[in-house]
Amino acid sequence: MSKIPIKRNSEYQLTLFITGASHNSVRAINTIKFICEKYLQGNYMLEIVDVYQVPEIAYQEKITVLTALINKGTQPHQRLIGDLSDIQWVLRGPGINFMDKE
């Protein structure tokens with residue numbers, strides 16, 4: 001489990017649930033980090049949870065399908081589940097509003 005805090009009162013409080021160092025997990029981490037750095041402009045806190053290392057957190061959050069991304073900065077908390085490699089799909093995900101810098 002790792003935390004990448006950016007701002008204490010972040011609008012985007014994201015938790016990414018992964019399974020070890022699998023190809024899908026590494027790809028999801030890279031995609032989410034890219035999105036955070038490019039589109040959320042330092043207004044986020046990202047926590048990465050490996051369910052192999054801390055399964056109790058996945059149980060508490062009722063995570064049954066992986067890979068999963070939760071935005072706890074919204075009420076209700078919003079979830080995105082599945083293959084997180086498609087950046088445009090993820091950007092339409094859990095309450096993420098972005099300004100395209102391209």
Side-chain angles (χ1 to χ4, degrees):
M1 182 169 75
S2 64
K3 290 189 179 186
I4 304 171
I6 301 300
K7 278 189 176 179
R8 189 169 290 280
N9 295 319
S10 301
E11 179 179 351
Y12 301 98
Q13 297 173 15
L14 305 172
T15 304
L16 176 63
F17 291 88
I18 60 167
T19 53
S22 70
H23 176 70
N24 287 339
S25 295
V26 171
R27 189 170 53 190
I29 291 168
N30 290 336
T31 300
I32 298 306
K33 284 183 176 181
F34 173 80
I35 287 171
C36 288
E37 292 170 9
K38 181 168 183 171
Y39 297 105
L40 303 183
Q41 303 172 344
N43 189 23
Y44 68 93
M45 183 179 79
L46 175 61
E47 179 178 14
I48 300 171
V49 177
D50 182 344
V51 298
Y52 289 153
Q53 294 179 7
V54 276
E56 59 274 4
I57 294 177
Y59 178 78
Q60 290 169 353
E61 292 289 342
K62 297 180 173 96
I63 300 295
T64 57
V65 177
L66 296 168
T67 322
L69 178 68
I70 299 176
N71 183 0
K72 294 183 179 180
T74 61
Q75 288 298 328
H77 297 164
Q78 296 182 337
R79 297 170 182 241
L80 187 61
I81 298 170
D83 179 6
L84 302 179
S85 64
D86 182 344
I87 292 172
Q88 295 303 315
W89 182 70
V90 174
L91 286 171
R92 290 188 300 267
I96 296 175
N97 299 314
F98 65 94
M99 292 178 51
D100 193 345
K101 294 175 145 185
E102 298 176 313

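Annotation: the span from Leu91 atom CG to Asp86 atom CG amounts to 9.0 Å, rounded to 0.5 Å. Taken from OH in Tyr44 to CD1 in Ile35, the straight-line distance is 11.0 Å, to the nearest 0.5 Å. Interatomic distance, CG of Asn24 versus OG of Ser85, reported as 8.0 Å (0.5 Å rounding). Interatomic distance, Met45 CE to Thr15 OG1, rounded to the nearest 0.5 Å: 6.5 Å. Interatomic distance, CG of Leu16 versus NZ of Lys33, reported as 10.0 Å (0.5 Å rounding). Here the NZ atom belonging to Lys38 is positioned 8.0 Å from the CD1 atom belonging to Ile87, to the nearest 0.5 angstrom.
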Check the pair Phe17 / Ile57 against side-chain contact (heavy atoms from CB on, under 4.5 Å), numbers first and verdict last. CA-CA 9 Å; Phe17 291 88; Ile57 294 177; 3.7 Å; yes

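Judged purely by atom type and a 3.5 angstrom limit, Ser25 uses its side chain to pair as donor or acceptor with the backbone of Thr19.
Closest approach of Leu40 to Tyr12, counting heavy atoms only: CD2-CE1, 3.7 Å. Of all non-hydrogen atoms in Leu84 and Val90, the two that sit nearest each other are O-CG2, 3.6 Å. Nearest approach of Ala68 to Ile81, heavy atoms of both residues: CB-CG1, 4.1 Å. Thr67 and Ala28 get closest at one heavy-atom pair: CG2-CB, 3.8 Å. When every heavy atom of Val51 is checked against every heavy atom of Ala58, the shortest pair comes out as CG1-CB, 3.4 Å.
Between Gln13 and Ile70 there is no side-chain heavy-atom pair separated by less than 4.5 Å.
Paired with Ile18 under the rule side-chain contact (heavy atoms from CB on, under 4.5 Å), one option of Ile32, Leu69, Val26, Ile48 passes, and it is Ile48.
By the criterion of side-chain heavy atoms lying less than 4.5 angstrom apart, applied directly or through intervening Ile, Leu, Val, Met, Phe, Trp or Tyr residues, Val54 is grouped together with Leu66 in one hydrophobic cluster. Hydrophobic clustering (ILVMFWY, side-chain heavy atoms < 4.5 Å, transitive): Trp89 and Leu14 are in one cluster.
Between Glu61 and Lys72, at least one side-chain nitrogen of the basic residue sits less than 4.0 Å from a carboxylate oxygen of the acidic one, meeting the salt-bridge criterion.
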